Colleague: 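Sharing a structure with you now.
Basis for what follows: all heavy atoms, side chains included, without hydrogens, waters or symmetry-related copies. Convention: sequence-line order gives letters A, B, ...; per-chain numbering from 1. Keep in mind that this is a model prediction, so the values were computed, not measured.
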2 protein chains.
Amino acid sequence: MSESAADATTTPGSPVPDTDPAYREAVVDLLGAIAYGEISAFERLAEDAKLAPTIADKLDLATMASGEIAKVHPLHERIRAFGRDPFEAMAPFREPIEEFHGHTAPSDWYEGLVKAYVGDGLANDFYREIAAYLDPDTRDLVISAMEEGYHAEFVVDRVRAGIAEDPRLGGRLALWGRRLMGEALTQAQRVAADRDALSALLAGGVDRPGLDLAALGRMFTRLTERHTVRMGELGLDP
Amino acid sequence: MSESAADATTTPGSPVPDTDPAYREAVVDLLGAIAYGEISAFERLAEDAKLAPTIADKLDLATMASGEIAKVHPLHERIRAFGRDPFEAMAPFREPIEEFHGHTAPSDWYEGLVKAYVGDGLANDFYREIAAYLDPDTRDLVISAMEEGYHAEFVVDRVRAGIAEDPRLGGRLALWGRRLMGEALTQAQRVAADRDALSALLAGGVDRPGLDLAALGRMFTRLTERHTVRMGELGLDP
């Protein structure tokens with residue numbers, strides 16, 4: 001167990017803050033959503049790895065998939081520190097996350113790459129925004145779960161090379177990126193409607209500052225701006 | 001780069017021994033076979049994870065799968081230290097390993113668990129036997145790639161619980177374990193026939209002791225004995 005917040009990223013079991021039950025419920029929701037998202041991302045990336053044109057590509061995607069699983073265990077440990085069962089905490093997010101994946105099944109290798117890049121990036125940006133409203137130990141853990149590593153570069157290289165070889169691919173993938181954004185928003189709205197504690201986290205509490213509608217609007221603007229940047233990095237019109 | 005053999009497990013790029021080309025070829029073959037085996041095991045475990053009855057089981061199998069991928073990168077680095085391309089080094093083993101998996105596709109969750117346990121164990125025992133004939137740096141690397149972690153226990157628990165619930169399962173899985181052993185031997189013989197340098201490694205060289213036929217027989221006996229022990233651990237007749 002950690003005695004300070006400084007090493008929280010390596011000690012997810014460090015003491016939890018003694019705050020209102022609503023906050024704790026929201027944090028457990030958030031950690032459950034991220035953890036299930038990682039497990040689900042593993043499954044999808046492992047599935048997409050089958051489409052890889054070379055063994056080297058397959059290994060890169062498998063390495064990305066493995067990276068997702070490595071993040072699950074500390075999230076689960078933190079949920080346990082909050083006195084909850086991680087599998088129960090993940091349960092409410094299974095349906096919206098699986099539905100997102102069901103509606104965005106890549107039809108080829110490139111769609112899988114763009115989804116990994118854009119989808120992961122969007123989820124990471126959103127969790128980083130939310131992290132600002134968390135206690136320091138949980139915040140450090142959430143942020144450490146978002147580190148991307150070298151794989152982003154691999155995706156950018158492959159997608160750009162694919163478009164250079166067949167320029168029509170760029171148009172198709174640009175549409176695909178927009179669809180991913182739309183589906184992500186649909187499921188996010190659904191979660192916000194279903195999970196009161198999680199939504200309330202953003203609105204603040206007695207002892208915590210929250211977001212008013214204008215701030216929520218600015219957060220949304222930042223998320224779409226970063227999505228646009230990512231599409232540009234891949235060589236795609238946003 | 002390492003300057004001593006002591007920390008070889010963390011520095012797979014440490015200097016390679018200045019021995020005969022046949023030895024180097026054999027080591028590159030061996031590392032290539034193990035590395036491709038890990039990638040292939042990742043794919044199969046990720047596929048089997050879909051059959052998991054609970055999210056907890058799915059996560060355990062996904063964690064096993066991720067563990068395989070973590071082992072690939074140091075093996076590749078060691079192949080590069082021997083001056084060879086890891087993807088070329090893996091290529092000759094793709095067909096026999098895929099054929100093994102093609103002939104042993106699990107038809108349910110339990111067959112997948114037994115395959116992960118028995119197949120991994122058998123491969124690990126074989127590589128540990130071969131490790132005795134390697135230079136110290138490569139030997140340490142091969143042995144560190146064989147560490148099993150906590151997952152063995154998880155498989156034993158699940159399979160024993162399954163048999164307790166439905167005793168007929170034990171008979172079916174015992175047959176399955178025998179089939180896995182038979183298929184593994186078939187593919188191993190094929191590799192031995194195709195890869196002269198690798199077979200010659202076991203037979204020794206000018207400056208290296210090898211195995212005579214009697215010693216090879218004893219090695220085979222040890223492998224089957226350990227297979228029998230593993231089957232027993234799972235509660236299965238060997």
Colleague: Where on A:I55 is there a heavy atom nearer than 4.5 Å to chain B: the side chain, the backbone, both, or neither?
Modeller: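 A:I55 touches chain B through backbone and side-chain heavy atoms alike.
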Colleague: As an exercise, state the distance from CD of B:E47 to CD of A:E47, rounded to the nearest 0.5 Å.
Modeller: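 Answer for the CD-CD pair, B:E47 versus A:E47, is 6.0 Å.
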Colleague: Other residues, nucleotides and ligands only: do more than 12 of their heavy atoms fall within 6.0 Å of CZ on A:R94?
Modeller: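 Counting neighbours around CZ of A:R94, 12 or fewer heavy atoms of other residues, nucleotides or ligands fall under 6.0 Å, so no.
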Colleague: Can you tell which part of B:E68 gets under 4.5 Å to a heavy atom of chain A, answering side chain, backbone, both or neither?
Modeller: neither
Colleague: Under the criterion side-chain contact (heavy atoms from CB on, under 4.5 Å), which of A:E38, A:H73, A:M90 is the partner of B:L59?
Modeller: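 Exactly one pass, corresponding to A:H73.
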Colleague: Are more than 12 heavy atoms, taken from residues, nucleotides or ligands other than A:E99, located less than 6.0 Å from that residue's CD atom?
Modeller: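 More than 12 heavy atoms, drawn from other residues, nucleotides or ligands, come within 6.0 Å of this atom.
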Colleague: Can you tell me how far apart CZ (B:F42) and CG (A:L61) are? Round to the nearest 0.5 Å.
Modeller: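 Spacing of CZ (B:F42) from CG (A:L61) equals 8.0 Å.
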Colleague: Does atom CD of B:E98 have more than 12 heavy-atom neighbours from other groups under 6.0 Å away?
Modeller: yes
Colleague: Roughly how far, to the nearest 0.5 Å, is CD1 of A:I69 from CD1 of B:I69?
Modeller: 12.5 Å
